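Order of the sequence lines fixes the chain letters, A, B, ..., with proteins taken first and strands second; residue numbering starts at 1 for each chain. This one's a predicted model, so the numbers in the text were calculated from it and none came from an experiment.
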There are 2 protein chains.
Amino acid sequence: MENTAVGDQKSQLKLSNFLCFAIYSTANAVTRAYQPRLAALGLTYPQYLVMVVLWEEENQTVKAIGNKLSLDSGTLTPLLKRLETARLITRRRDTFDERQVLIGLTEEGRSMRERAEAVPVAMGQAFGCTMDEAQAMRSELITMRDNLVASIDEAK
Amino acid sequence: MENTAVGDQKSQLKLSNFLCFAIYSTANAVTRAYQPRLAALGLTYPQYLVMVVLWEEENQTVKAIGNKLSLDSGTLTPLLKRLETARLITRRRDTFDERQVLIGLTEEGRSMRERAEAVPVAMGQAFGCTMDEAQAMRSELITMRDNLVASIDEAK
DNA sequence: GCATATTAACTTGCACACAATTTAATTGTG
DNA sequence: CACAATTAAATTGTGTGCAAGTTAATATGC
């Protein structure tokens with residue numbers, strides 16, 4: 001049936017739009033939802049992500065942090081300078097490769113980890129979904145993200 | 001089994017983190033993936049979203065557009081001014097309620113719709129998923145977004 | 001060994017997002 | 001009718017994201 005095929009295609013085009021928008025507006029909501037929970041720590045959501053990466057492992061390069069968060073130095077450099085000003089992290093040139101900057105934690109940054117434990121607890125409840133749903137969603141999103149990223153160079 | 005319960009809870013806390021990050025980094029990838037496809041139209045992704053809303057219905061207030069896109073006037077006002085400068089939209093005060101500004105399309109903005117049809121086609125392919133997967137994902141994301149938004153006031 | 005290419009971080013410029021405040025217009029209440 | 005409360009946009013200030021270009025250090029090819 002030709003009409004069905006055409007109908008399918010049209011709705012897919014609309015859906016692809018709506019899916020993009022769903023991701024976009026949910027991401028905005030994630031940032032807004034973190035804000036009141038991070039206020040006590042004085043962190044923004046991207047700053048919190050950097051701290052999470054550093055709590056996992058100290059003394060990482062800007063490049064390594066960028067790879068983990070999919071952010072480039074144009075975004076990270078000013079963000080890291082703000083965390084340095086807040087005395088949460090340290091920045092020092094790698095002695096063996098002076099191109100690299102190693103990001104470490106101050107004692108204050110290290111000790112913030114404990115106070116930050118409440119944040120994912122509160123956020124987990126805010127989502128209102130089960131662990132299985134969250135895991136399935138996460139896995140599908142990462143697949144889509146990697147597909148999208150792979151498609152970018154082709155589109156240029 | 002106590003260990004299992006504790007293990008479950010810990011992994012849920014991590015997962016809630018990872019789910020947030022998956023949404024966040026996928027949304028960044030969405031914006032980057034749109035960019036080369038919107039370059040020919042001279043639009044950013046948020047600008048494209050506003051145009052889509054206006055192609056559906058002309059002469060909407062800033063408030064109405066903001067409700068549909070979950071954006072406030074602080075974001076929309078400068079964005080709309082850029083679209084006006086690009087001669088794609090018109091802005092005029094509502095005669096019956098001078099607080100409101102009605103956003104319309106110029107002939108140029110209206111005619112861009114046809115050229116923009118290729119964008120969702122390309123993006124749909126870039127996602128690399130079936131229509132059913134896209135629809136399921138979209139529906140779950142919207143549910144989570146609404147849960148998140150509902151949780152924000154409580155957290156303040 | 002030295003010129004060239006590559007790499008890491010930084011910088012610049014632009015466009016969001018959003019909290020908080022301001023301004024102007026309308027609505028609601030006594 | 002007067003006047004307080006509400007509403008819609010705009011404005012201000014801060015913090016991302018990211019493309020494009022710069023600088024300095026390291027790696028590579030001949």
- Query: For B/T77 and D/dA9, is the shortest distance between a side-chain N/O and OP1 or OP2 below 4.0 Å?
  - Reply: no
- Query: Would you say B/R99 reaches D/dT6's phosphate, i.e. side-chain N/O to OP1/OP2 under 4.0 Å?
  - Reply: no
- Which nucleotide, in any strand shown, forms a Watson-Crick or G-U wobble pair with C/dA5, with both distances under 3.5 Å? D/dT26
- Note on the structure: chain B reaches DNA chain C, atoms under 4.0 Å from its heavy atoms, from C/dA15 to C/dT26
- Query: Any donor and acceptor pair, going by atom type alone, linking the side chain of B/Q100 with main-chain N or O of B/D97 inside 3.5 Å?
  - Reply: no
- Task: Write down the distance between OH (B/Y34) and C1' (D/dC18), rounded to a whole number of angstrom.
- Result: 18 Å
- Mind checking B/S70 for me? I need base, sugar-phosphate or nothing, with any heavy atom below 4.0 Å counting as a touch. sugar-phosphate
- Note on the structure: Contacts of A/R93 and B/D72 projected onto DNA chain C by closest heavy atom; the upstream (5') one is A/R93
- Are any side-chain N or O atoms of B/W55 and backbone N or O atoms of B/M112, one a donor and one an acceptor, separated by less than 3.5 Å? no
- N-O pairing of A/E58 and A/R110 below 4.0 Å: yes
- Rounded to the nearest Å, what distance is computed from the CG atom of residue B/L80 to the P atom of nucleotide D/dA8? 16 Å
- Please give, in whole Å, the distance from D/dA10 P to B/K63 NZ? 13 Å
- Query: Can you tell me how far C1' of D/dG15 sits from CG of A/L88, to the nearest Å?
  - Reply: 16 Å
- Answer yes or no: does a side-chain N or O of B/Y24 lie under 4.0 Å from OP1 or OP2 of D/dG17? yes
- For the pair made of CZ in B/F21 and C1' in D/dG17, what is the distance, rounded to whole Å? 14 Å
- Gap between atoms CG and C1', on A/L69 and D/dG15 respectively (whole Å): 16 Å
- Item | Separation of D/dA8 P from B/R92 CZ (nearest whole Å) | 18 Å
- Do NZ/NE/NH1/NH2 and the carboxylate oxygens of B/E84 and B/K81 come within less than 4.0 Å? no
- Nearest-nucleotide comparison on DNA chain D, the residue closer to the 5′ end among B/R91 and A/S73: B/R91
- Counting any heavy atom closer than 4.0 Å, what does A/T44 reach on the DNA or RNA strands: base, sugar-phosphate only, or nothing? sugar-phosphate
- Message: If you compare every side-chain N and O of B/R32 against the phosphate oxygens of D/dC18 (OP1, OP2), does one of them come in below 4.0 Å?
- Response: yes
- Looking across every strand, which nucleic acid part, if any, lies under 4.0 Å from B/T31 by heavy atom: base, sugar-phosphate, or nothing? nothing
- Please say whether more than 12 non-hydrogen atoms of neighbouring residues, nucleotides or ligands are located less than 6.0 Å from NZ in A/K68. yes
- Item | Of A/G74 and A/A27, the one whose closest DNA chain C nucleotide lies more 5' | A/G74
- Charged N to carboxylate O below 4.0 Å: is that the case for B/R87 and B/E108? no
- Task: Drop me the distance from B/Q60's CD to B/E57's CD, to the nearest 0.5 angstrom.
- Result: 4.5 Å
- So how far is it from A/I23 CD1 to B/I23 CD1, rounded to the nearest 0.5 Å? 9.0 Å
- Message: With nearest nucleotide decided by heavy atoms, which residue, A/L79 or A/D94, maps closer to the 5′ end of DNA chain D?
- Response: A/L79
- Item | Distance in angstrom units between A/D97 CG and D/dA27 P, rounded | 6 Å
